[in-house]
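Right, one structure below, let's go through it.
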Amino acid sequence: RGKLEVFAETMSTLPELQALFNKFDSDGNGKISVTELTRLMEMLAKGTLSPAEIGSLLRKIDKNNDGQVDFMEFVQWIQGGRSRLKKKTTLAKNMEVAAEEIPVDEDTSWPVQLGMTVDIKGSIKRWNLQTGEEVSLMGSRTPAGFRFTSVQSDIEHENLVKKPHKEGSLCCAAVNWSSGACITGAGDNTLKLWSQDGSVDRTFVCKGTEGAPLCVQVSWQKMLMICGTTGCLLKMFQLDDAAATSASQRCEGSDGVNCLDVEWDKRRVVCGSGNNVVLWDYAASKTSTKTLGAHTDTVTALCVDWQQDVAISGSLDRTFCYWDLKTCTKLRSVNHAGAIRCMAGASPYDSVITGDSEGVLRVWDSKSCVCVKKLTGHKDAVLSMSKVESGYMASVGRDATLRLWDLSEGVEKNMMQLGEVIEGNWGIAVSIKPPDI
C-alpha cells in the first residue's frame with residue numbers, strides 16, 4: 001500500500017483529504033502556494049501572520065523545498081508527521097471548520113481562470129480572474145533545492161528576487177502555462193528565464209549597441225526565443241543555452257523594435273521597427289529582411305494571420321494598416337480615434353482588438369474595418385493585452401488595473417487592482433491561461 005493510504009487510514013478517507021486540500025488550493029494547480037498557505041493559516045489563527053512566521057512554517061512542511069505544499073506534504077502535516085493515528089488531530093478538525101468558511105464560487109462556467117501580470121517594478125503575479133484574488137507571487141521563496149539558515153535570510157531573498165533585473169524598467173514577458181515558467185526582459189539589457197518557484201534558471205544578454213529588449217516571443221516546444229531591442233535588432237536565443245545566439249538581424253528604422261510576431265515552422269518574423277513594418281526570413285541561406293512600408297509614427301502593435309499571410313500593424317499615428325506578406329504591399333489603412341498602444345486578434349483574424357492612449361478598447365470587423373464594439377473602463381492608456389482565449393481577453397492599463405473582458409457580450413467581467421499607478425508608456429505585460437492547459 002502507498003504511503004498516503006497509510007497516513008490516512010484511521011483519520012479519514014483519501015478522497016476526503018483530497019477535497020480538503022482542494023479547498024485551500026484556490027488556483028487548482030495541485031499545490032498550496034505561499035499566498036494560499038498564508039490565507040489558510042490566517043483563517044486558522046483568526047488574525048494576521050508575519051512573513052517570518054509563514055516562512056518558518058513553510059520550512060517545516062515543505063519537504064522537497066520547492067516553495068509550495070503538495071498533497072503528500074499536506075497529509076504529513078495534517079497528521080502531525082505520524083504515519084498512524086487513532087483519531088483526527090486538532091489541526092485536521094480546525095482545517096475542516098476553516099474550509100467550511102471559504103466562499104463557494106457559484107459561477108464555474110468561465111473558460112479562463114488564471115492570468116499573469118509582469119509590471120514595471122519587476123513583480124510577477126498570478127491572478128484568479130474569476131475571484132479577482134492574487135493567488136501567487138513569483139520570487140516569494142528561496143530557490144529550489146536550497147535552504148537559507150534563518151527566516152531573516154528568507155525575507156531578504158524574497159525582497160531581492162522581486163526585482164529580478166539589476167536596473168531599468170521591465171519591458172516584456174512571455175509565459176509557459178504548462179510549466180509555470182516565464183521570461184522577462186528589462187532595461188538592463190537582459191532577459192531572464194524564471195521557474196515556477198521564483199528562481200532564475202538562465203540570464204540572456206543583449207550586448208552593447210544591441211540595446212535592451214522591448215518585446216519577445218518564445219517557442220517553448222522548439223526551445224527558441226526571439227526578442228526585439230532598442231537598437232532595432234532582432235535576436236534569437238536558445239533557451240537551453242544562454243550563451244548561444246542562433247541568429248540576429250538589424251532592421252531599418254529608429255526607436256527600436258517595439259513589437260513582433262513569429263511563424264516558427266516557416267521561420268519568418270514580422271516586426272515593427274520604429275515607423276517601419278519589417279519581414280525577416282531567417283530560413284533563407286542569406287539572412288534577408290524586407291521593409292513592407294511605414295507609418296508616420298512608431299509602430300507599437302502587431303497581429304499576424306500567418307495562414308492568410310496578412311499582417312496588421314498599429315501605430316501612434318492613430319492608424320492601423322493591413323499588409324500582404326506575399327507581395328509585401330499595403331492593403332489598406334484604417335483611421336483610429338486614439339494612438340494605438342496594443343492589439344490582439346482572434347484566429348483566424350475575423351476581428352481585431354485595439355487598445356489606445358485614451359484607455360479605450362475597440363473591436364473591429366476585419367472585413368469591413370468597422371468598429372463593432374467599444375469597451376470602456378480603463379481611466380488611462382491601455383498598455384498591454386493578452387491573446388484572445390475562448391472569447392475572453394485581459395488588458396492592463398496605466399491606471400494600474402487588470403481587466404477581464406467577455407468579447408462576445410462586449411462587457412467587463414472583472415477588474416483587479418495591481419497597486420500603484422504605472423509610470424511611462426510600456427513596462428507591463430499580461431497573459432491568460434488557455435482553458436485546454
Side-chain angles (χ1 to χ4, degrees), residues 27-31 33 35 67-68 110-130 133-141 144 161-162 164-165 169-186 190-204 213-228 237 239-240 259-262 264 301-303 342-345 347 383-390 392-396 402-405 416 418 426-437:
D27 63 357
N29 70 344
K31 294 188 177 183
S33 67
T35 302
Q68 302 177 94
W110 291 27
V112 293
Q113 298 286 337
L114 288 178
M116 180 179 287
T117 58
V118 179
D119 69 25
I120 198 168
K121 303 295 184 182
S123 295
I124 307 168
K125 298 179 180 179
R126 285 161 59 101
W127 300 85
N128 184 319
L129 297 176
Q130 187 167 350
E133 294 179 328
E134 178 189 324
V135 294
S136 65
L137 173 65
M138 290 184 66
S140 61
R141 187 70 172 106
V161 296
K162 284 180 182 175
H165 296 274
S169 62
L170 197 145
C171 304
C172 55
V175 181
N176 182 351
W177 282 108
S178 296
S179 67
C182 77
I183 286 176
T184 58
T190 68
L191 299 109
K192 293 181 183 287
L193 173 61
W194 291 79
S195 61
Q196 188 177 19
D197 67 356
S199 59
V200 177
D201 287 341
R202 291 181 183 86
T203 297
F204 306 86
L214 291 174
C215 54
V216 64
Q217 275 206 5
V218 178
S219 171
W220 300 98
Q221 185 176 19
K222 296 180 182 296
M223 297 293 286
L224 291 173
M225 166 177 66
I226 296 178
C227 72
F237 294 94
L239 294 185
D240 55 355
C259 51
L260 60 84
D261 201 328
V262 184
W264 295 101
L302 278 172
C303 289
C342 49
M343 299 177 73
S347 182
L383 300 181
S384 178
M385 60 177 68
S386 71
K387 292 182 178 179
V388 178
E389 299 288 353
S390 301
Y392 285 72
M393 183 198 71
S395 63
V396 174
L402 165 64
R403 297 172 189 265
L404 181 68
W405 305 91
M416 288 131 276
L418 301 182
W426 286 274
I428 195 157
V430 61
S431 174
I432 57 176
K433 182 179 179 181
D436 56 347
I437 294 181

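Note that the CG atom of D201 and the CG atom of D240 stand 12.0 Å from one another [nearest 0.5 Å]. The distance from atom CG of L404 to atom CD1 of I432, rounded to the nearest 0.5 Å, is 6.5 Å. A distance of 11.5 Å separates NZ in K433 from CD in E389, rounded to the nearest 0.5 Å. Interatomic distance, W220 CH2 to M225 CE, rounded to the nearest 0.5 Å: 8.5 Å. Between W405 atom CH2 and M385 atom CE the span is 10.0 Å, to the nearest 0.5 Å. Distance CD/Q113 to CG/N128: 6.0 Å, rounded to 0.5 Å.
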In sequence, state the C-alpha distance, the side-chain angles, and the governing distance for L402 and L129, and then conclude on side chain to side chain contact (heavy atoms under 4.5 Å, CB included). CA-CA 9 Å; L402 165 64; L129 297 176; 4.1 Å; yes

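Closest approach of W264 and V218 over heavy atoms only: CZ2-C, 3.7 Å. Residue A429 comes nearest to S384 through the heavy atom pair CA-OG, 3.6 Å, listed as atom of the first residue, atom of the second, then distance. Of all non-hydrogen atoms in L260 and C227, the two that sit nearest each other are CD2-C, 3.8 Å. Closest approach of C303 to G345, counting heavy atoms only: SG-N, 3.7 Å. Contact detail for P213 and G185: the closest heavy-atom pair is CG-CA, 3.9 Å.
Residues L418 and W127 are in side-chain contact: their nearest non-hydrogen atoms beyond the backbone lie under 4.5 Å apart.
Not counting sequence neighbours, the partners of K222 by the salt bridge (charged side-chain N to carboxylate O under 4.0 Å, His left out) test are D265. Checked against side-chain contact (heavy atoms from CB on, under 4.5 Å), L302 has the following partners two or more places apart in sequence or in another chain: C259, V270, S313. Residues satisfying the side-chain hydrogen bond (donor to acceptor under 3.5 Å, both in side chains) test with T203, not counting sequence neighbours, are K192. Remark: L214 engages C171, T230, N258 in a side-chain contact (heavy atoms from CB on, under 4.5 Å) (not counting sequence neighbours). Listed by chain and residue number, W177 satisfy the side-chain hydrogen bond (donor to acceptor under 3.5 Å, both in side chains) test with S431 (two or more places apart in sequence, or in another chain).
Here the side chain of Q217 pairs a donor or acceptor atom with the backbone of V262 at under 3.5 angstrom.
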